[in-house]
Amino acid sequence: MLLQYVAFLLVQMTRPNPPQREAIRYIDGPLLVLAGAGSGKTRVIIEKIAYLIQQCDYSAKRITAVTFTNKAAQEMTQRVRANLGERAKGLRISTFHALGLNIIRAELEALNLKRGFSIFDAQDSMALLQDLALQERLGDSEVISTCQHLISQWKNDLLGPEQVSQLAENGVERQAAALYAKYERSLQAYNAVDFDDLISKPVRLLQTDATVRERWQNNIHYMLVDEYQDTNTSQYQLLQLITGSRAMFTVVGDDDQSIYSWRGARPENLDILQSDYPQLKAIKLEQNYRSTQTILGAANHLIANNPHSFEKRLWSELGLGESVHVERRADENDEIEYVVNEILDHRLRHKSELQDFAVLYRSNFQARLLEMRLQAEQLPYRISGGTSFFARNEIKDLMAYLRLLINPVDDGAMLRVINTPRRGIGAQTLETLATYAQSRDTGLLAACSEMGLTSLLEGKALHKVQQFGRWMEDRQRALQHEPVAAIKQLLSDIDYEDWLLQNSSSTATAERRWANVQFLISAIEKDVKAAGDAAEIEKIIAKLVLRDLLDRQENEEDFDRIQLLTLHAAKGLEFKHVYIIGFEEELLPHRNSVEPAAIEEERRLAYVGMTRAQQTLTLSYAARRKKYGEVVACEPSRFLEELPQQFIVWPAKTALSPEQNKARGEQTMGSLKALFD
DNA sequence: ATCCAACTAATTTTT
DNA sequence: TTAGTTGGAT
């Protein structure tokens, strides 16, 4: 921790290199910074913000910097604060989605939303879609998830249901288009937006309403975008609309690190920028401060196999360093054993710390063997991934209650809440309630307390429904006064802790879940205190969904762990020693990604992984591997053949043909010789 | 409403 | 292989 801080200070103290300086100081118009891996792009953004405020008279509150993840936004905020202190006050550094949320909150009426609107995450919208699909009597879950994907794509491309219904070509698309229209109507009725709406709604508003557009253009005078290659169509539109004809912005990106096209990212936004802004200035950052020349050379050679619209050549001054190792092993167990032994060996010989090692892989399942092995060896590790905080059931439950309290027409939340815990309100009763609510054009919760219901339901069912309605109304009032106390009271009213105990596989899981709930409450408590106003509760809850509360307890003592990451999760990070396992056909490139365009992204994925390494890089693959319970022979990844011959230590025996084998052997000798020349 | 057996599919993941 | 889902039976 301390060491990292010292290293950080050192970097800060050295002056930026000429292209970095140029990127920091160019403020005459739109600027594209093509920042290769490890070229100090975050530094450019941070120092540019400082430059804008200190040298160019930009007011901090007129500058907005956007990133894709909370983590990146947090990190940037911290570094800017360390740099500017008080002068950073009012500066907006947030994710694209948080920026969109701010716009939506400020423009509620124009967007046809009411205060306290709900934000649906992917799970919530899936639940809604399933519900709607059920009404239509269509659909296994696979079709519905395809629909969800399509709808999300359409939204990101700013296509409404009407446009889509004309475009839809095949059966699934037509189905999805029909579902899309219903979905949008439901969201509207629920006073809710989904994650994609957080961007697309502001965009559509800014496109159509000149007054609003001008307001935001006057509000934000300069925009900076990190990881620009990951933007999708609507995010790019948002940038364009906010910066308007002044076009005062800096975007920083690297086309070679675009690995999220499957999530809607449009790396071609880099090219589009040039045609949309003829005056665009482009600056390349090509000096890499992270890796040895050998590692960089190998990565460069690989990525040169992809077409490029911006040629760039990364170089390093950090010396040749060690050769890249390619290791062939008999099977997956052998591969893991090799990696773990290497790490242990290296640690002994070089006194490295465990946190200096990262093992990267394409798919999560590859980590399982590794985990088992590390557990057996009693080596501490940290693994990426896992269910995000807000996807956990106990958190979803509590959030559904909060959503319903703040937004009583959120029927999605109502459906989750009404029988959590069991209240003995069955499907039949709910059906009646829903039909009645529909006829009265109101939400499910409001319907519970309406008099008209008495003629449709009777006895126990009626009583329970009315009881629930009354109880929720009480809770609603309480929430406005003392939000945190009200939430605690709510949980004790429903005996939630008890319910968890009964619905968890073990006491331990129940305790963990309850702790998660407590954690969420304490986070809310903190925010309420910070806001200093209980009336802000609906704003606090809305922001909460966009935040990542995953409790990464990283206290000093168990900080020293081996890092286990997917190649995707490794982006933006660096490690002294990197092992990429499963460098095989079917795995990397993944078996589902063999069309030319997909291969290019897989290649970038390999490139991203390789460029994480500072000092040593090892690529391993297995000759045989158990797949789905069957042992199959594996081919080394085609990407291995795309590496330079120099500076790589190839395995003694490969699974290639004898001739290739021989060539490889000679290559090995050649590169070894070259190394020592 | 709940449980169990049979069946099936098998990347990457943030907001 | 295994995890997650579905549908049938209780």
Side-chain angles (χ1 to χ4, degrees), chain A residues 66-74 94-102 104 119-125 130 139-142 144-145 148-149 152 155-156 193-200 226-227 230-232 234-235 238 257-265 332 360-369 384-391 419 421-430 502-503 542-550 565-572 582 584 586-594 598-599 601-602 604-606 608-609 625-632:
Chain A
V66 285
T67 63
F68 279 84
T69 64
N70 287 303
K71 210 175 137 205
Q74 259 170 36
S94 72
T95 61
F96 261 111
H97 294 263
L99 173 64
L101 175 60
N102 280 338
I104 292 180
I119 301 173
F120 278 28
D121 67 15
Q123 251 184 70
D124 300 324
S125 68
Q130 261 163 349
D140 51 302
S141 62
E142 204 192 335
I144 301 172
S145 93
Q148 185 184 31
H149 191 76
S152 170
K155 282 197 179 192
N156 287 325
V193 298
D194 66 18
F195 275 158
D196 299 319
D197 288 333
L198 290 176
I199 314 289
S200 62
D226 193 14
E227 305 282 11
D230 288 340
T231 52
N232 60 34
S234 60
Q235 285 158 342
L238 190 61
Q257 292 187 69
S258 159
I259 53 175
Y260 284 114
S261 69
W262 53 275
R263 216 162 66 186
E332 72 273 27
L360 312 183
Y361 37 83
R362 174 69 233 261
S363 308
N364 278 312
F365 79 88
Q366 293 173 266
R368 285 197 50 198
L369 265 183
S384 74
T387 28
S388 82
F389 188 78
F390 283 96
N419 277 317
R422 302 250 153 262
R423 288 191 177 83
I425 299 172
Q428 196 55 58
T429 311
L430 274 178
Q502 278 160 33
N503 288 275
K543 277 250 157 84
L544 218 50
V545 196
L546 296 186
R547 243 164 64 184
D548 185 14
L549 289 182
L550 216 58
L565 301 157
T566 62
L567 289 166
H568 285 92
K571 190 170 136 200
E584 284 155 39
E586 309 262 287
L587 244 41
L588 179 66
H590 191 270
R591 51 142 96 211
N592 298 351
S593 307
V594 284
I599 279 288
E601 183 148 320
E602 296 288 307
R604 290 194 289 268
L605 210 41
V608 165
R625 191 180 284 277
K626 213 175 192 179
K627 283 182 185 168
Y628 315 134
E630 203 182 5
V631 177
V632 288

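Keep in mind that what you see is a predicted model, and the values were worked out from it rather than measured. Every chain is numbered from 1 and lettered A, B, ... according to where its sequence line falls, protein lines coming before strand lines.
- Atom CD1 of A:Ile425 is separated from atom P of B:dA1 by 11 Å (rounded to the nearest Å).
- Spacing of C1' atoms, B:dT12 relative to C:dT5, comes out at 22 Å, to the nearest Å.
- Rounded to whole Å, atom C1' of B:dT13 lies 13 Å from atom CG of A:Asp121.
- In terms of the side chain to side chain donor-acceptor pair (under 3.5 Å) criterion, residue partners of A:Asp124 (sequence neighbours excluded) are, by chain and number, A:Lys396, A:Arg403.
- Here the separation of C:dA3 from B:dT14, taken at their C1' atoms, is 24 Å to the nearest Å.
- Rounding to whole angstrom units, CG of residue A:Leu360 and C1' of B:dT13 are separated by 16 Å.
- Interatomic distance, CG of A:Leu567 versus CD of A:Glu602, reported as 9.0 Å (0.5 Å rounding).
- For A:Asp194, the salt bridge (charged side-chain N to carboxylate O under 4.0 Å, His left out) partners are A:Lys155, not counting sequence neighbours.
- Partners of A:Glu227 by salt bridge (charged side-chain N to carboxylate O under 4.0 Å, His left out), not counting sequence neighbours, listed by chain and number: A:Lys41, A:Lys571.
- Protein atom CD of A:Gln235 is 10 Å distant from nucleotide atom C1' of B:dT14, rounded to whole Å.
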Detail all sub-3.5 Å separations between protein N/O atoms and N/O atoms belonging to nucleotides 10-12 of chain B.
unit_1, atom_1, unit_2, atom_2, d
B:dT11, O4', A:His590, NE2, 3.0
B:dT11, O2, A:Arg362, NH1, 3.0
B:dT11, O2, A:Arg362, NH2, 2.4
B:dT12, OP1, A:Asn364, N, 2.6
B:dT12, OP1, A:Asn364, ND2, 3.3
B:dT12, O4', A:Arg362, NH2, 3.2
B:dT12, O2, A:Trp262, NE1, 3.2
B:dT12, O2, A:Arg362, NH2, 2.5
B:dT12, O2, A:His568, NE2, 3.4

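- As rounded to whole Å, 16 Å separates atom P of B:dT13 from atom NE2 of A:His97.
- Listed by chain and number, the residues in a ring-ring contact (aromatic ring centres under 6.0 Å, His included) with A:His590 amount to none (sequence neighbours excluded).
- At distances below 3.5 Å, not a single donor-acceptor pair connects side-chain atoms of A:Asn156 with backbone N or O atoms of A:Asp196.
- In terms of phosphate contacts, A:Asn70 brings a side-chain nitrogen or oxygen within less than 4.0 Å of OP1 or OP2 of B:dT15.
- Taking 4.0 Å as the cutoff to heavy atoms of chain A, we find the contact window on DNA chain C bounded by C:dT1 to C:dT6.
- Of the residues near DNA chain B, A:Thr95 and A:Asn419, the one whose nearest nucleotide (by heavy atom distance) lies more toward the 5' end is A:Asn419.
- Taking atom C1' in both B:dT11 and C:dT6, the straight-line distance is 24 Å, to the nearest Å.
- A straight line from CD1 of A:Ile199 to C1' of B:dT15 spans 8 Å, rounded to a whole angstrom.
- If you measure from atom NE2 of A:His149 to atom P of B:dT14, you get 16 Å, rounded to the nearest angstrom.
- A donor-acceptor distance shorter than 3.5 angstrom exists from the side chain of A:Thr95 to the backbone of A:Ala98, with no hydrogens or angles considered.
- Salt bridge A:Lys627/A:Glu630: absent, no basic N to carboxylate O contact under 4.0 Å.
- One atom, CD of A:Glu630, and another, P of B:dA9, lie 18 Å apart when rounded to the nearest Å.
- Taking the six-membered ring for Trp and thresholds of 30 and 60 degrees, A:His97 and A:Phe195 have ring planes more than 60 degrees apart, a perpendicular arrangement.
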